[in-house]
Structures are given as C-alpha cells and as structure tokens.
Protein chains: 4
Amino acid sequence: MAGSVNKVILVGNLGADPEIRRTQDGRPIANLRVATSESWRDRNSGERRERTEWHRVVIFNEGLCKIAEQYLRKGSKIYVEGQLQTRKWQDQSGQDRYSTEVVLQGFNSALTMLDGRSDSPGGGGGGGGFGDTQQDYGQPAPAQEGGFSRDMDDEIPF
Amino acid sequence: MAGSVNKVILVGNLGADPEIRRTQDGRPIANLRVATSESWRDRNSGERRERTEWHRVVIFNEGLCKIAEQYLRKGSKIYVEGQLQTRKWQDQSGQDRYSTEVVLQGFNSALTMLDGRSDSPGGGGGGGGFGDTQQDYGQPAPAQEGGFSRDMDDEIPF
Amino acid sequence: MAGSVNKVILVGNLGADPEIRRTQDGRPIANLRVATSESWRDRNSGERRERTEWHRVVIFNEGLCKIAEQYLRKGSKIYVEGQLQTRKWQDQSGQDRYSTEVVLQGFNSALTMLDGRSDSPGGGGGGGGFGDTQQDYGQPAPAQEGGFSRDMDDEIPF
Amino acid sequence: MAGSVNKVILVGNLGADPEIRRTQDGRPIANLRVATSESWRDRNSGERRERTEWHRVVIFNEGLCKIAEQYLRKGSKIYVEGQLQTRKWQDQSGQDRYSTEVVLQGFNSALTMLDGRSDSPGGGGGGGGFGDTQQDYGQPAPAQEGGFSRDMDDEIPF
DNA sequence: TTTT
DNA sequence: TTTT
C-alpha cells in the first residue's frame, strides 16, 4: 500500500484514574478516559456554550502503561498521540457493537504529562525498557525555577 | 484550567464516492469512508501482515464539501484534518448506539487531495468562497468579513 | 498544486514574556520564545541527558495576539499549532541571513494555554473578532473542581 | 514540570533527489529538500497568489534512510513527521550561522511515500529491518530487542 | 529546486 | 469499500 497515516493528538484531562489490566502473558494494558472541551460564544444568543468530548484511550505499550499507572490520576492533564482503531464486540444479546478507541501501541505513540507533579517521570525514576528512552515518554524538562531565562539572554541570533 | 486539543490527521483512500446530503436549510454535509492501512512483517512467522482501518469522515464545512463533491471519488487519496466526535443514535429497536466520526467543521479542519488530477483545486479553477482558499491552500488572513464562522454556533445537524 | 501540508505542533514553555509589536496599520504581531525539552538515559554511560530546543513563534493572528498579550508570561506552558516559514534578512554587514519561524496566521493555527490561571480566556473575556469564536483560541474547559467524574459515571457505553 | 512536544508534519514534494551521506562509522544520513506550497486568491486584487516554502529534512533513522535512497526521487510526494532542530555552524568567515531542520530520528518519526510507484515498500518487496516495518506501515510491538534506540544517545553528527 |  |  502506498502511504497512509492514522494519527490522533489529544490534549485533555482524565475523567478517572487509569484502569490497568494485564493480558494472560502478563503484559499491561491501560485504559484512560480523556475529556477534551471546547467553548465558544453563540453568535446569535451571545451565550457561552460548551461541549465536552470523551475519548477512550488504550495503551498497549508497556513503558507508557507504567507511566500511566504511576503518574496519572483523575484530573491529570495529558498529551496523547496514537491511532484510531474501531473494534467489534458482542453485547449481551449477541448483537454486534463497535467501539472506536485511540490506541497507543508501538511507534508513533506518545503520552506526556502536562501538569507533572514533582515526582514525574524523567525527574528521577527510570530503569530500562522502551518507555524511558523515548523522548516523549517523560520529559523532565528544564527546571521551572529559573531555567528558561538564562538561555534566552544568550541571545540566539538566528 | 485551560486548554484542550482534539485533532485527527489521516492520509488514506476513499472506499467509495463521497455522499453529499443537505440540511433543511440547504447546507451541504459530506460523508467520506476513508481507509488507512498498515502492513508489517510478523516477528514470529516472518509473514507479511496487513490491517486496514476504516474511518467515517463528516464534513460540515461548506467549502470543503464542495471540494469533496467536485474532486473526490472512490479511490482518491486525501489528507484529512478534523476532530473526533462520538454521537449517539437509536437503532431500530430503540437501543442507544454510538458512532465515532472524524468531523471537519470550522477552523482547524483541512481536506487536501494528494493524487490531484489536472482539474484539481488550486490548479486553476476556483472562484471565491471558502473551499478554494481552503485552509491548506493559503491563509490570506482570516475571512473576518462573513463566511467561515457560521458553522460554529449552529446546532450540529447529525 | 496538488496538496501540501505544513504543520508544526509544539507543547513547551515560554522563555520570556511575549513581545508585542504593531504594524504601521496597527495590527499586532506577537513574538514568543518557546522551549521544548527532551531527556533520555544514555545507553552507554547510563547518565541522564537533556536537550532543549528553542523555537521562534510569530503570531499574526489578531485574536491569538490578544491571548498572548493578556495571558502568557515567561514560564507559561502552551500548545502551539502553526506552520514553518523561513524568512531572509540582512545582517549589519549586508549578508543574507535566514530565520526559520513557526508562524500562526489564518486558519489551522492554534494557541492554547495549558497552565491557565483562573483569569484565562473563555472564562470571561470575549468580544467579537476572530479569536474568541474559535475553539482553540481559549477553552475555559470543564471546571476541575468536580466536573469530570460526574460525566464518567454516566457510563458512556460505546 | 513535565512534558513537551516538538513535532513537524509535512506533505510536500522533493525538489531534488535525496542526498545520502555516511558517518565515519557507516550509518547513513539522508538529506531531503521538501517543498510545500499554498495558493489563495488575493482579497483585494482577486488574483491568485502562491507561496512555496522549502524545508530541510534530515534523516538519521537507518530504515527511513533506506526508503529515501531506494524509493524517493526528485518530484516524489511524501508525508514526513519529525522534529524541529536548529543547529549552529560556522561559515567561511568564522561567523556563527544557524540552520533549522526537520529531523527524523528515533521514535515518533515517519516517512511515507504518497505517490508510490509499483515497486514501493509495503507493496511486496521488503526484507527485514527498520525501514519496511517502518512506523507507518505497522507496529508489531516495540522492537525492544535492540535496533531502534541506538540513535538516541549518540552524538548528533551534523 | 518540487508540485499543480 | 480503498490503496499497494
């Protein structure tokens, strides 16, 4: 096949603590409920309106599961990058149902905390594995105390 | 609290010609079926495997509907940028069902042909309006005088 | 031309307060210095390494300039979506120089605060114009106090 | 503090054949010149205007280098996903210069052909390695057993 | 220097 | 149901 792309980017908040399950062979799967919201002023009524969208995010990637388990909680703000997948399942009455999820698996997936507490990944924890070597898995980032301005003054003259 | 992002980017092919419907007040809505595929070599068996994902793309944006109607056909390859929305509907038996779609509406939506025939937009044809100064073809500054924003406040006429 | 896309997405922190200038005809232009960082553990030495990248972000969009001016400060965390542009200029000695910037202009641009103080956009400010009708220009978003969980309990059963 | 994102997405055409160089230890580096264009109708004059932007794309990822070398040519249309990096160099007179590039390296990078000839990757040919189970072609789970990550810790050999 |  |  010549070239396709399937990418979802979300910045939103967790509606609940992550749910972590394990496959029979022990690999973790994390399920997140992520809310994104938009609001705007109605052009006619002038009222402010809001719409919240809920997303099912499923993480098969082991390193990202660990991050989810250790650092994410209800209310956490995250950046998520994954792909759209719709899976079929049967309800109690045996009818086909479909569920569309944002799947983080393998490459081109990312999970980044945006409201990192002080004990967030990169800051200290670590260990081997997929997760902690990837740039998007946890970026301790420049210390906010100070930090940024010093570089600024170096005047980047391009 | 502030700030969320809900973005889907697809590059794929149309599985069928676009379906164009119209709302009661005459605005067009285009429905696209877009396939994205990925293939890989199985790590164990060494066989090549492939998976195709089908996406429902719904275009409320009038200009982009025109492009869909005029230029897109079964097999067309496109770039699509929109947002994830899940809507609820009732099946024949009155049961709640949910459908997740990639919605192109208002700002931060884009539709670009990637296998443009010679009569494609931008090449020459055109005329005023949203569609052909479409998001990705140029941004001569916001069309603040009318046009674009109408979508945003109206009821979403699924 | 058949179809091209030029998109940059950044999540990072401001290295300094925004600089706002005005064109001769009074339109604002905001310049931001945005840092993105990545860190990883060196596979050989086992040491943690870090790299910070600095980005020049230029906002021509009037609504987004307002947001930058009113709400962004040194240290602010933001989501930015724009396009890459390289412009040519002459240095003092008359030599050609090039500067590559992330430009927010027209459609398919977005600026979202990710660490919004309580006085953030959408919460109150408003007025006409491009900026405040767009979903990405400022999303007051669900109140963090409570909020998310209530919707969760409604069990979205798709 | 936590979390930053640095992502560039381009769909454009090669202005020249890829240039492949090799580091002293034999790893390939591919340089691409990618054009993105936009056109729009001028609001005042009504004339059609066009602007082309040229991007420097540098590929450190070995598998993607192979794809570039084997399949890409002047005129090829591609999808590219990488990150922005500005590097410093000295011109002949010893003055500091800066060059901003779109770098494909490690995870969260992708290169996809959009005008695939019949002999393109995924279609059949292939063989093992990074390139052809390339990010967008499938993610059979992280290649945890070696391979991918080597890039990340090494000096970036501009 | 590409593409339409 | 597409594409390769």
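The sequence lines fix the lettering, A, B, ..., with proteins before strands; numbering per chain opens at 1.
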Does the pair D:Glu53/D:Arg51 count as a salt bridge with the N-to-O cut at 4.0 Å?
yes
With the criterion set at under 5.5 Å between ring centres and under 30 degrees between planes, would E:dT1 be stacked on D:Trp54?
yes
Give the rounded distance in Å between these two atoms: CE of D:Met113 and C1' of E:dT2.
15 Å
Interatomic distance, B:Asp17 CG vs F:dT2 P [rounded to whole Å]:
11 Å
Can you tell which of F:dT2, F:dT1, E:dT4 lies closest to the side chain of B:Ser37?
F:dT2
Among E:dT4, E:dT1, F:dT1, which nucleotide has an atom closest to any side-chain atom of D:Glu50?
E:dT4
Looking at F:dT2, does its base get a donor-acceptor pair with the side chain of B:Thr52 below 3.5 Å?
yes
Looking at D:Glu62 and D:Arg27, does any basic side-chain N land under 4.0 Å from a carboxylate oxygen?
no
D:Trp40 atom CH2 is separated from E:dT4 atom C1', nearest whole Å, by 15 Å
Rounded to the nearest angstrom, tell me the gap between atom CZ in D:Arg48 and atom P in E:dT4.
16 Å
Once you round it to whole Å, what is the distance between P of E:dT2 and CZ of D:Arg33?
12 Å
Tell me: CG of B:Asp115 to C1' of F:dT2, nearest whole Å?
11 Å
Contacts of B:Arg56 meeting salt bridge (charged side-chain N to carboxylate O under 4.0 Å, His left out) (sequence neighbours excluded), chain-then-number -> none
Of all residues at least two apart in sequence or in a different chain, which pass the salt bridge (charged side-chain N to carboxylate O under 4.0 Å, His left out) check with B:Arg22?
none
Among E:dT2, E:dT1, F:dT1, which is the nearest nucleotide to the side chain of D:Ala35?
E:dT2
For atom CG of B:Leu10 and atom P of F:dT1, their distance in whole Å:
21 Å
When the distance from CD of D:Glu53 to P of E:dT4 is rounded to whole Å, what number comes out?
20 Å
